[in-house]
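Please read the structure below before turning to the comments.
Every chain is numbered from 1 and lettered A, B, ... according to where its sequence line falls, protein lines coming before strand lines. Just the heavy atoms: all of them, side chains too, but no hydrogens, waters or symmetry mates, feed the values below. Because the structure is predicted, anything quoted here is derived from the model rather than measured.
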There are 2 protein chains.
Amino acid sequence: MELAEAKQKFIESWGKLGSEWGINRTMAQVHALLLISPEALTTEEIMETLNISRGNANMNLRDLIGWGLIEKQHKAGERKEYFFADKDTWNIARQVAKERRKRELDPVLKVLDELSKVTGDSKDPEFRTFSKSITDINKLAKNVDKTLDTMLKAEESWFWGSLFKIFK
Amino acid sequence: MELAEAKQKFIESWGKLGSEWGINRTMAQVHALLLISPEALTTEEIMETLNISRGNANMNLRDLIGWGLIEKQHKAGERKEYFFADKDTWNIARQVAKERRKRELDPVLKVLDELSKVTGDSKDPEFRTFSKSITDINKLAKNVDKTLDTMLKAEESWFWGSLFKIFK
DNA sequence: TTAAACTTTCAAAACTTTTTGAAAGTTTAA
DNA sequence: TTAAACTTTCAAAAAGTTTTGAAAGTTTAA
């Protein structure tokens, strides 16, 4: 396979994976493009490579900055803004985990805590089933939360090293 | 909070979480409803409770069966089909992880393996950056894959117990 | 200042996904 | 058999999401 073709394929696959996990396909593609670019790129270059409009490019670049996955770069003597991606996959994974935890897991934990407080007749099967499910899900969610917390603080080598010890 | 209100809130939150993670909102809501129901429910009851059409209910029930999250139940002397959800959160988590791995992670791993085979001029920064990114992502993806594999085989107590040992 | 170079915004259009509901299909009891 | 009770299908409609592109806004050099 040619390098050019391989690049295309990577951008496509990354976009598809993103959309399956609830991330805007174009945003994932822009990220993929920057991931494999040795140099920072301009909005113009991104628009051209991915065949997207200026507005679209701008909006997704801003979102990627919001996710902490890319940064702006200023080149001396140039007016244009350049964008480049953090290339460290461990940082990327941590950053995504961090943002999704904040945006999605945290609110759910809050609701679950509220819902665990609901009281009722412990003879009522409706209440008992509700209560048990909420409690169980709450426990799982808290465990996930705690694990993410450790992961976010961890160094890559320590993290995988530790998992390796457990998982043979 | 009333039990009825709490149920509503749970169904809503579960649906929202699902849609943020790329799972059809209605499917997640049907799942939530069955999770907190002590008894198996008919399509009719689900349609009424969630205010959805017969076609929609049927399609999402089938999908949930496909995900291994709910099952059909036949009641002696009854024509109707009843549906009930596995209430064990650990099983649910495993089942979801298993399906998403199969549907989404596996294909990406396949593409990454292909892309790691691309050869090129190691003096070319374009090639070097591409190559390094693919290799790194491939490594991370394989680690995730291996960890999921262990998790899928594990018993809940063993799994969390082991994590606990690492994560203080 | 001014105007060129650039970035951001946002309403409308395009596209994607989900939902509906009526028709077709299936199963069962008699 | 038949027909009632039920489930499944699927094309069209509705809802939701993303993209466009022109206009407005901002920054900078001179």
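Remark: A/Glu20 does not engage B/Arg100 in a salt bridge, criterion side-chain N to carboxylate O under 4.0 Å.
Base pairing of D/dA15: its partner is C/dT16, meeting the Watson-Crick or G-U wobble criterion (both donor-acceptor distances under 3.5 Å). C/dT9 is paired with D/dA22 under the Watson-Crick or G-U wobble criterion, all donor-acceptor distances under 3.5 Å. For C/dA29, the paired nucleotide is D/dT2, the pair qualifying as Watson-Crick or G-U wobble because both relevant distances are below 3.5 Å.
Taking atom CG of A/Asn60 as the reference point, atom C1' of D/dT20 lies 13 Å away to the nearest angstrom. In this structure, the CG atom of B/Leu50 is 11 Å from the P atom of C/dT19, given to the nearest Å. Here the P atom of nucleotide C/dC6 and the CG atom of A/Leu41 are 16 Å apart, to the nearest Å. Rounded to a whole Å, the NZ atom of A/Lys72 is 8 Å from the P atom of C/dT7. Atom C1' of nucleotide D/dC6 and atom CD1 of B/Ile46 are separated by 15 Å, given to the nearest angstrom. Following rounding to the nearest Å, A/Asn51 (CG) and D/dG21 (C1') show an atom-to-atom distance of 15 Å. Here C/dT8 presents its C1' atom at 18 Å from NZ of A/Lys80, a figure rounded to the nearest Å. Distance CD (A/Glu44) to C1' (C/dC6): 9 Å, rounded to an integer number of Å.
Contact annotation: A/Asn56 side-chain N/O to D/dT18 OP1/OP2 distance is not under 4.0 Å. Between D/dC6 and B/Thr43, no contact under 4.0 Å exists linking OP1 or OP2 to a side-chain N or O. When the side-chain nitrogen and oxygen atoms of B/Arg62 are compared with OP1 and OP2 of D/dT9, one or more of them lie within a distance under 4.0 Å. The phosphate of D/dT7 has neither OP1 nor OP2 within less than 4.0 Å of any side-chain N or O from B/Asn58.
At a cut-off of 3.5 Å, with distance as the only test, no side-chain donor of B/Arg54 or B/Asn58 sits close to an acceptor on the other residue. At a cut-off of 3.5 Å, with distance as the only test, no side-chain donor of B/Thr26 or B/Asn60 sits close to an acceptor on the other residue.
Looking only at distances, a side-chain donor or acceptor of A/Glu45 sits under 3.5 Å from a matching main-chain atom of A/Thr42. Checking side-chain atoms of A/Arg94 against main-chain N and O of A/Leu152 turns up a donor-acceptor pair under 3.5 Å.
Closest to the B/Ser53 side chain, of the nucleotides C/dG21, D/dC6, D/dT20, is C/dG21. Distance from the side chain of B/Ile52 is smallest to C/dT20 among C/dT20, D/dT20, D/dT8.
Between B/Met59 and A/Asn24, the residue anchored closer to the 5' end of DNA chain D is B/Met59, taking for each the nucleotide with the nearest heavy atom. Residue-to-nucleotide proximity on DNA chain C shows that, of A/Phe83 and B/Gly55, the 5′-proximal contact is made by A/Phe83. Taking for each of B/Arg79 and A/Arg25 the nucleotide of DNA chain D with the nearest heavy atom, the 5'-most of the two is the partner of B/Arg79.
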